[in-house]
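Notes for the one structure printed next.
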Amino acid sequence: MLDRKRPNCSKRPSRQRMRSLALVLANIVIAHAGSVLADDGNALFDQMLKDGIPLTDDSVAPLPAPTFLDPSGEPVVAKEVESQLQKLSRAGGIQRFVRDSAVAPIAIDMDSISNSDDQRIGHLLDVTFVVHASIDLVQDSDALNSLLGVRKTDDQPDDVGAANQVSEEELTKLGISLDGETESFGRVSFPLLDRVMVEGVIHAETHRHLEGDSGDFVTVAWHLDPRFENSWSPIERNDLGKEVTGDSKPYQGLGGVITATRLPAEITGEDADATIVQARLVVHEPVDWFGGRNQLRSKLPLIIQDRVRDLRRKLAEVHDASR
(Lines give C-alpha, C1' and ligand atoms only; values in the text may rest on other atoms or scores of the structure.)
Protein backbone atom coordinates (compact mmCIF):
# COMPACT_ATOMS: atom_id res chain seq x y z
CA MET A 1 0.00 0.00 0.00
CA LEU A 2 1.40 3.35 -1.01
CA ASP A 3 1.18 6.19 1.47
CA ARG A 4 2.69 9.30 0.08
CA LYS A 5 2.10 13.01 0.44
CA ARG A 6 0.34 14.83 -2.38
CA PRO A 7 1.57 18.15 -3.73
CA ASN A 8 -0.12 21.35 -2.65
CA CYS A 9 -3.62 21.58 -4.07
CA SER A 10 -4.63 24.48 -6.30
CA LYS A 11 -5.99 27.74 -4.96
CA ARG A 12 -9.67 28.23 -5.68
CA PRO A 13 -12.81 30.27 -4.77
CA SER A 14 -16.43 1.62 19.16
CA ARG A 15 -15.36 -0.03 15.73
CA GLN A 16 -18.69 0.33 13.93
CA ARG A 17 -18.45 4.10 14.01
CA MET A 18 -15.04 3.93 12.39
CA ARG A 19 -16.51 1.97 9.52
CA SER A 20 -19.03 4.67 8.75
CA LEU A 21 -16.85 7.11 6.77
CA ALA A 22 -17.91 5.66 3.44
CA LEU A 23 -21.58 5.55 4.22
CA VAL A 24 -21.88 7.47 1.03
CA LEU A 25 -20.05 4.85 -1.01
CA ALA A 26 -22.37 2.05 0.00
CA ASN A 27 -25.61 3.96 -0.35
CA ILE A 28 -25.20 5.86 -3.59
CA VAL A 29 -23.83 3.02 -5.70
CA ILE A 30 -27.12 1.16 -5.36
CA ALA A 31 -29.38 4.20 -5.67
CA HIS A 32 -30.95 5.55 -8.85
CA ALA A 33 -29.23 3.55 -11.58
CA GLY A 34 -29.34 5.72 -14.67
CA SER A 35 -29.34 5.33 -18.42
CA VAL A 36 -26.49 5.07 -20.88
CA LEU A 37 -24.20 8.11 -20.90
CA ALA A 38 -25.79 10.92 -22.85
CA ASP A 39 -24.01 12.70 -25.67
CA ASP A 40 -23.27 15.64 -23.40
CA GLY A 41 -21.63 13.32 -20.86
CA ASN A 42 -21.98 12.86 -17.15
CA ALA A 43 -22.04 16.43 -15.82
CA LEU A 44 -21.20 15.78 -12.18
CA PHE A 45 -18.64 13.13 -13.07
CA ASP A 46 -16.91 15.59 -15.40
CA GLN A 47 -17.11 18.31 -12.75
CA MET A 48 -15.42 16.12 -10.15
CA LEU A 49 -12.53 15.40 -12.52
CA LYS A 50 -12.17 18.83 -14.09
CA ASP A 51 -12.90 21.22 -11.22
CA GLY A 52 -12.18 19.00 -8.23
CA ILE A 53 -13.74 19.10 -4.78
CA PRO A 54 -13.46 22.27 -2.65
CA LEU A 55 -11.92 21.53 0.74
CA THR A 56 -11.72 25.07 2.09
CA ASP A 57 -12.72 28.48 0.76
CA ASP A 58 -9.44 28.76 -1.14
CA SER A 59 -8.34 25.16 -1.75
CA VAL A 60 -9.62 22.59 -4.22
CA ALA A 61 -8.57 18.96 -4.57
CA PRO A 62 -8.73 17.46 -8.09
CA LEU A 63 -9.66 13.83 -8.60
CA PRO A 64 -7.54 11.65 -10.92
CA ALA A 65 -9.30 10.24 -13.97
CA PRO A 66 -10.58 6.66 -13.54
CA THR A 67 -8.05 4.00 -14.40
CA PHE A 68 -10.36 1.68 -16.31
CA LEU A 69 -12.30 4.20 -18.42
CA ASP A 70 -10.78 6.04 -21.36
CA PRO A 71 -11.23 9.82 -21.96
CA SER A 72 -14.42 9.15 -23.95
CA GLY A 73 -15.97 7.38 -20.97
CA GLU A 74 -15.72 3.87 -22.41
CA PRO A 75 -13.94 0.92 -20.71
CA VAL A 76 -10.30 0.63 -21.72
CA VAL A 77 -9.19 -2.30 -23.87
CA ALA A 78 -8.18 -5.62 -22.31
CA LYS A 79 -4.47 -5.01 -22.84
CA GLU A 80 -4.65 -1.74 -20.88
CA VAL A 81 -6.67 -3.41 -18.11
CA GLU A 82 -3.98 -6.05 -17.80
CA SER A 83 -1.25 -3.40 -17.69
CA GLN A 84 -3.02 -1.41 -14.96
CA LEU A 85 -3.78 -4.52 -12.91
CA GLN A 86 -0.11 -5.48 -13.11
CA LYS A 87 0.79 -2.14 -11.52
CA LEU A 88 -1.87 -2.51 -8.82
CA SER A 89 -1.00 -6.12 -8.01
CA ARG A 90 2.69 -5.30 -7.67
CA ALA A 91 4.85 -8.30 -6.77
CA GLY A 92 1.83 -10.52 -6.07
CA GLY A 93 0.87 -10.82 -9.73
CA ILE A 94 -2.42 -10.34 -11.54
CA GLN A 95 -3.86 -13.81 -10.97
CA ARG A 96 -3.49 -13.47 -7.22
CA PHE A 97 -5.09 -10.01 -7.34
CA VAL A 98 -8.14 -11.16 -9.34
CA ARG A 99 -8.65 -14.57 -7.78
CA ASP A 100 -12.08 -15.56 -6.51
CA SER A 101 -11.50 -15.18 -2.79
CA ALA A 102 -12.79 -12.95 -0.02
CA VAL A 103 -9.19 -12.32 1.01
CA ALA A 104 -7.84 -11.51 -2.46
CA PRO A 105 -5.63 -8.40 -2.42
CA ILE A 106 -7.10 -4.89 -2.36
CA ALA A 107 -5.13 -1.96 -3.74
CA ILE A 108 -5.41 0.93 -1.28
CA ASP A 109 -3.48 4.17 -1.73
CA MET A 110 -4.00 7.06 0.67
CA ASP A 111 -2.34 10.39 -0.04
CA SER A 112 -2.27 13.50 2.12
CA ILE A 113 -3.53 16.75 0.59
CA SER A 114 -1.80 19.93 1.74
CA ASN A 115 -2.51 23.61 1.31
CA SER A 116 -0.05 26.28 0.19
CA ASP A 117 1.32 26.51 3.76
CA ASP A 118 2.17 22.81 3.67
CA GLN A 119 -0.54 22.01 6.22
CA ARG A 120 -2.44 18.75 5.80
CA ILE A 121 -6.06 19.58 5.11
CA GLY A 122 -7.39 16.33 3.71
CA HIS A 123 -6.86 12.96 2.08
CA LEU A 124 -7.25 11.31 -1.29
CA LEU A 125 -8.24 7.67 -1.01
CA ASP A 126 -7.91 5.34 -4.01
CA VAL A 127 -9.33 1.83 -3.65
CA THR A 128 -9.40 -0.87 -6.37
CA PHE A 129 -10.52 -4.47 -6.02
CA VAL A 130 -12.17 -7.30 -7.92
CA VAL A 131 -15.42 -9.02 -6.97
CA HIS A 132 -16.56 -12.23 -8.66
CA ALA A 133 -20.09 -11.14 -9.49
CA SER A 134 -21.69 -9.40 -12.46
CA ILE A 135 -21.93 -5.63 -12.61
CA ASP A 136 -25.71 -5.99 -12.22
CA LEU A 137 -25.26 -7.69 -8.87
CA VAL A 138 -22.54 -5.29 -7.77
CA GLN A 139 -24.85 -2.38 -8.46
CA ASP A 140 -28.21 -3.77 -7.40
CA SER A 141 -27.51 -6.16 -4.56
CA ASP A 142 -28.21 -5.06 -1.00
CA ALA A 143 -24.87 -6.65 -0.20
CA LEU A 144 -23.28 -3.30 -1.07
CA ASN A 145 -24.70 -1.98 2.18
CA SER A 146 -22.03 -4.01 3.92
CA LEU A 147 -19.27 -1.95 2.31
CA LEU A 148 -17.41 -0.29 5.17
CA GLY A 149 -19.95 -1.45 7.70
CA VAL A 150 -23.13 0.20 6.44
CA ARG A 151 -26.00 -2.16 7.14
CA LYS A 152 -29.71 -1.83 7.60
CA THR A 153 -30.52 -2.75 11.19
CA ASP A 154 -33.50 -4.95 12.05
CA ASP A 155 -35.41 -2.04 13.57
CA GLN A 156 -34.79 0.35 10.67
CA PRO A 157 -38.01 1.09 8.72
CA ASP A 158 -38.20 -0.01 5.09
CA ASP A 159 -38.97 3.52 3.95
CA VAL A 160 -36.03 5.15 5.72
CA GLY A 161 -34.33 5.76 2.37
CA ALA A 162 -37.34 7.66 1.04
CA ALA A 163 -37.52 9.74 4.21
CA ASN A 164 -33.93 10.83 3.67
CA GLN A 165 -34.53 12.05 0.14
CA VAL A 166 -34.64 15.81 -0.38
CA SER A 167 -38.12 16.86 -1.47
CA GLU A 168 -38.84 18.28 -4.90
CA GLU A 169 -40.10 21.45 -3.23
CA GLU A 170 -36.76 21.98 -1.47
CA LEU A 171 -34.88 21.46 -4.71
CA THR A 172 -37.14 23.89 -6.58
CA LYS A 173 -36.53 26.62 -3.98
CA LEU A 174 -32.81 26.28 -4.65
CA GLY A 175 -33.33 26.37 -8.40
CA ILE A 176 -32.33 22.72 -8.81
CA SER A 177 -33.93 20.70 -11.59
CA LEU A 178 -33.68 16.98 -10.82
CA ASP A 179 -33.10 14.33 -13.47
CA GLY A 180 -34.87 11.43 -11.79
CA GLU A 181 -33.27 8.91 -14.13
CA THR A 182 -29.71 9.62 -13.09
CA GLU A 183 -29.65 11.95 -10.07
CA SER A 184 -30.47 11.71 -6.39
CA PHE A 185 -30.24 14.05 -3.42
CA GLY A 186 -30.18 12.41 -0.01
CA ARG A 187 -29.57 13.51 3.55
CA VAL A 188 -26.78 11.75 5.40
CA SER A 189 -25.71 11.76 9.01
CA PHE A 190 -22.82 9.55 10.06
CA PRO A 191 -20.22 9.35 12.84
CA LEU A 192 -16.52 9.22 12.08
CA LEU A 193 -14.03 7.45 14.37
CA ASP A 194 -16.23 8.15 17.40
CA ARG A 195 -15.09 11.77 17.26
CA VAL A 196 -17.04 13.59 14.56
CA MET A 197 -20.62 13.65 13.27
CA VAL A 198 -21.01 14.71 9.63
CA GLU A 199 -24.42 15.82 8.38
CA GLY A 200 -25.57 17.18 5.07
CA VAL A 201 -26.99 16.46 1.62
CA ILE A 202 -25.28 14.24 -0.91
CA HIS A 203 -25.84 14.86 -4.60
CA ALA A 204 -25.15 11.74 -6.65
CA GLU A 205 -25.28 11.13 -10.38
CA THR A 206 -25.22 7.55 -11.68
CA HIS A 207 -24.82 6.33 -15.24
CA ARG A 208 -24.71 2.80 -16.54
CA HIS A 209 -24.30 0.82 -19.72
CA LEU A 210 -25.37 -2.78 -19.17
CA GLU A 211 -25.74 -4.72 -22.39
CA GLY A 212 -24.07 -7.95 -21.33
CA ASP A 213 -20.85 -7.30 -23.23
CA SER A 214 -17.30 -6.14 -22.61
CA GLY A 215 -18.38 -2.50 -22.78
CA ASP A 216 -20.53 -2.68 -19.64
CA PHE A 217 -19.84 -0.10 -16.95
CA VAL A 218 -21.39 1.85 -14.10
CA THR A 219 -20.16 5.26 -12.95
CA VAL A 220 -21.15 7.20 -9.87
CA ALA A 221 -20.11 10.75 -9.05
CA TRP A 222 -21.12 12.25 -5.72
CA HIS A 223 -20.33 15.07 -3.34
CA LEU A 224 -21.57 16.89 -0.29
CA ASP A 225 -23.56 19.52 -2.16
CA PRO A 226 -22.49 23.06 -1.15
CA ARG A 227 -25.96 24.43 -2.00
CA PHE A 228 -27.21 22.90 1.24
CA GLU A 229 -26.27 23.54 4.88
CA ASN A 230 -23.74 20.78 5.54
CA SER A 231 -21.91 20.57 8.85
CA TRP A 232 -19.75 18.60 11.25
CA SER A 233 -20.04 18.43 15.03
CA PRO A 234 -17.71 17.01 17.68
CA ILE A 235 -18.94 13.89 19.45
CA GLU A 236 -18.55 14.43 23.19
CA ARG A 237 -19.71 12.84 26.44
CA ASN A 238 -21.82 14.60 29.03
CA ASP A 239 -21.51 14.26 32.82
CA LEU A 240 -23.43 10.99 32.68
CA GLY A 241 -21.07 9.52 30.10
CA LYS A 242 -23.66 9.68 27.33
CA GLU A 243 -22.56 10.63 23.83
CA VAL A 244 -23.76 14.04 22.69
CA THR A 245 -22.88 16.23 19.74
CA GLY A 246 -21.34 19.64 20.26
CA ASP A 247 -21.86 22.84 18.30
CA SER A 248 -21.94 22.34 14.55
CA LYS A 249 -19.60 24.01 12.08
CA PRO A 250 -19.94 24.36 8.30
CA TYR A 251 -18.40 21.57 6.29
CA GLN A 252 -17.86 20.70 2.64
CA GLY A 253 -14.96 18.83 1.08
CA LEU A 254 -16.39 15.32 0.76
CA GLY A 255 -16.96 13.53 -2.53
CA GLY A 256 -15.65 11.13 -5.09
CA VAL A 257 -16.17 8.93 -8.11
CA ILE A 258 -16.83 5.21 -8.36
CA THR A 259 -16.51 3.01 -11.44
CA ALA A 260 -17.43 -0.62 -12.03
CA THR A 261 -16.23 -2.33 -15.21
CA ARG A 262 -16.05 -5.90 -16.47
CA LEU A 263 -12.88 -7.87 -15.92
CA PRO A 264 -11.93 -8.97 -19.48
CA ALA A 265 -12.36 -12.62 -20.41
CA GLU A 266 -8.69 -12.77 -21.37
CA ILE A 267 -7.91 -12.35 -17.67
CA THR A 268 -10.84 -14.09 -16.01
CA GLY A 269 -10.74 -17.24 -18.12
CA GLU A 270 -13.92 -19.25 -17.65
CA ASP A 271 -15.35 -16.92 -15.00
CA ALA A 272 -17.16 -14.23 -17.00
CA ASP A 273 -18.85 -12.73 -13.94
CA ALA A 274 -16.09 -10.62 -12.46
CA THR A 275 -16.10 -6.86 -11.89
CA ILE A 276 -13.38 -4.32 -11.20
CA VAL A 277 -14.51 -1.71 -8.68
CA GLN A 278 -12.54 1.50 -8.24
CA ALA A 279 -13.49 4.17 -5.71
CA ARG A 280 -11.72 7.50 -5.35
CA LEU A 281 -12.66 9.62 -2.38
CA VAL A 282 -11.57 13.06 -1.22
CA VAL A 283 -12.23 14.05 2.37
CA HIS A 284 -11.42 17.34 4.05
CA GLU A 285 -10.02 16.90 7.57
CA PRO A 286 -10.27 20.07 9.70
CA VAL A 287 -7.54 20.23 12.34
CA ASP A 288 -10.23 20.30 15.05
CA TRP A 289 -11.33 16.79 14.14
CA PHE A 290 -8.41 14.94 15.69
CA GLY A 291 -6.19 17.71 17.01
CA GLY A 292 -3.77 17.34 14.12
CA ARG A 293 -3.21 13.61 14.72
CA ASN A 294 -3.35 11.54 11.54
CA GLN A 295 -6.16 9.25 12.64
CA LEU A 296 -7.77 8.74 9.25
CA ARG A 297 -4.50 7.75 7.64
CA SER A 298 -3.89 5.04 10.20
CA LYS A 299 -7.43 3.69 10.54
CA LEU A 300 -9.11 3.81 7.14
CA PRO A 301 -7.01 1.24 5.21
CA LEU A 302 -7.74 -1.44 7.82
CA ILE A 303 -11.42 -0.55 7.86
CA ILE A 304 -11.65 -0.70 4.08
CA GLN A 305 -9.91 -4.07 3.90
CA ASP A 306 -12.36 -5.52 6.40
CA ARG A 307 -15.41 -4.11 4.62
CA VAL A 308 -14.36 -5.16 1.11
CA ARG A 309 -13.88 -8.71 2.33
CA ASP A 310 -17.34 -8.62 3.84
CA LEU A 311 -18.75 -7.24 0.58
CA ARG A 312 -17.15 -10.08 -1.37
CA ARG A 313 -18.70 -12.68 0.92
CA LYS A 314 -22.15 -11.10 0.59
CA LEU A 315 -21.92 -10.84 -3.18
CA ALA A 316 -20.70 -14.45 -3.42
CA GLU A 317 -23.85 -15.58 -1.65
CA VAL A 318 -26.07 -13.62 -4.04
CA HIS A 319 -24.07 -14.73 -7.07
CA ASP A 320 -24.25 -18.42 -6.14
CA ALA A 321 -27.99 -18.18 -5.50
CA SER A 322 -28.59 -16.61 -8.95
CA ARG A 323 -26.88 -19.43 -10.85
Side-chain angles (χ1 to χ4, degrees), residues 1-6 22 25 29 63-71 74-112 123-139 141 143-144 146-148 212-220 256-281 297-320 323:
M1 181 185 70
L2 298 179
D3 190 2
R4 56 188 181 275
K5 190 175 183 180
R6 288 186 63 82
L25 298 183
V29 175
L63 278 167
T67 301
F68 299 99
L69 293 179
D70 64 25
E74 298 293 327
V76 299
V77 298
K79 184 176 181 179
E80 179 64 16
V81 173
E82 184 175 9
S83 175
Q84 294 297 335
L85 288 178
Q86 186 64 60
K87 295 176 184 178
L88 291 170
S89 61
R90 301 181 175 95
I94 292 179
Q95 292 308 312
R96 180 170 178 268
F97 188 83
V98 305
R99 75 183 191 274
D100 188 0
S101 170
V103 296
I106 305 159
I108 305 174
D109 292 346
M110 191 166 182
D111 297 344
S112 294
H123 303 274
L124 169 64
L125 189 66
D126 189 345
V127 181
T128 305
F129 58 94
V130 171
V131 292
H132 283 257
S134 67
I135 294 181
D136 303 64
L137 291 180
V138 172
Q139 175 188 258
S141 173
L144 276 180
S146 69
L147 184 60
L148 296 182
D213 56 35
S214 61
D216 285 356
F217 65 87
V218 175
T219 66
V220 180
V257 295
I258 304 167
T259 63
T261 54
R262 282 183 177 270
L263 189 62
E266 294 90 331
I267 300 174
T268 61
E270 296 181 357
D271 186 356
D273 287 333
T275 300
I276 307 169
V277 178
Q278 182 177 56
R280 283 174 167 162
L281 164 73
R297 190 171 179 173
S298 63
K299 300 290 186 182
L300 281 182
L302 296 176
I303 297 167
I304 290 169
Q305 178 176 276
D306 182 44
R307 292 303 91 206
V308 170
R309 289 176 177 178
D310 187 59
L311 172 61
R312 284 169 168 164
R313 294 185 184 101
K314 296 293 184 181
L315 284 173
E317 293 176 4
V318 178
H319 186 219
D320 291 344
R323 288 179 172 177

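The structure presented is a predicted model; accordingly, all values stated were derived computationally and were not measured.
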Legend entry - Salt bridge flag under 4.0 Å for residues D109 and R90: yes

Inset, instruction - Taking all heavy atoms of D70 and all of P75, pick out the closest pair and write down the distance. - result: OD2-O, 4.3 Å

Inset, instruction - Return the minimal non-hydrogen interatomic distance between G256 and L63, and the atom names on each side. - result: CA-CD1, 3.8 Å

Under 3.5 Å, which donor-acceptor pairs link side chains of residues 76-86 to any protein atom two or more places apart or in another chain?
residue	atom	partner	partner atom	Å
E80	OE2	Q84	NE2	2.8

Inset, instruction - Tell me, please, which residues at least two apart from P105 pass side chain to side chain contact (heavy atoms under 4.5 Å, CB included). - result: R96, F97, R99

Inset, instruction - Mind checking side-chain hydrogen bond (donor to acceptor under 3.5 Å, both in side chains) for T67 and listing every partner two or more places apart, or none if nothing turns up? - result: Q278, R280

Legend entry - Heavy-atom pair with the smallest gap, counting every atom of S101 and R312: O-CD, 3.7 Å

Inset, instruction - Look only at the side chain of R307 and the backbone of L302, and say whether a donor-acceptor pair between them is shorter than 3.5 Å. - result: no

Inset, instruction - Could you walk me through whether L69 and T219 pass side chain to side chain contact (heavy atoms under 4.5 Å, CB included), step by step? - result: CA-CA 10 Å; L69 293 179; T219 66; 3.6 Å; yes

Inset, instruction - Could you walk me through whether D126 and I108 pass the side chain to side chain contact (heavy atoms under 4.5 Å, CB included) test, one step at a time? - result: CA-CA 6 Å; D126 189 345; I108 305 174; over 6 Å; no

Legend entry - Side-chain donor or acceptor of R297 paired with backbone N/O of H123 under 3.5 Å: no

Legend entry - Euclidean distance, L315 CG relative to T275 OG1, rounded to 0.5 Å: 8.5 Å

Legend entry - Shortest non-hydrogen separation from A279 to I258 and the atoms involved: CB-CG1, 4.2 Å

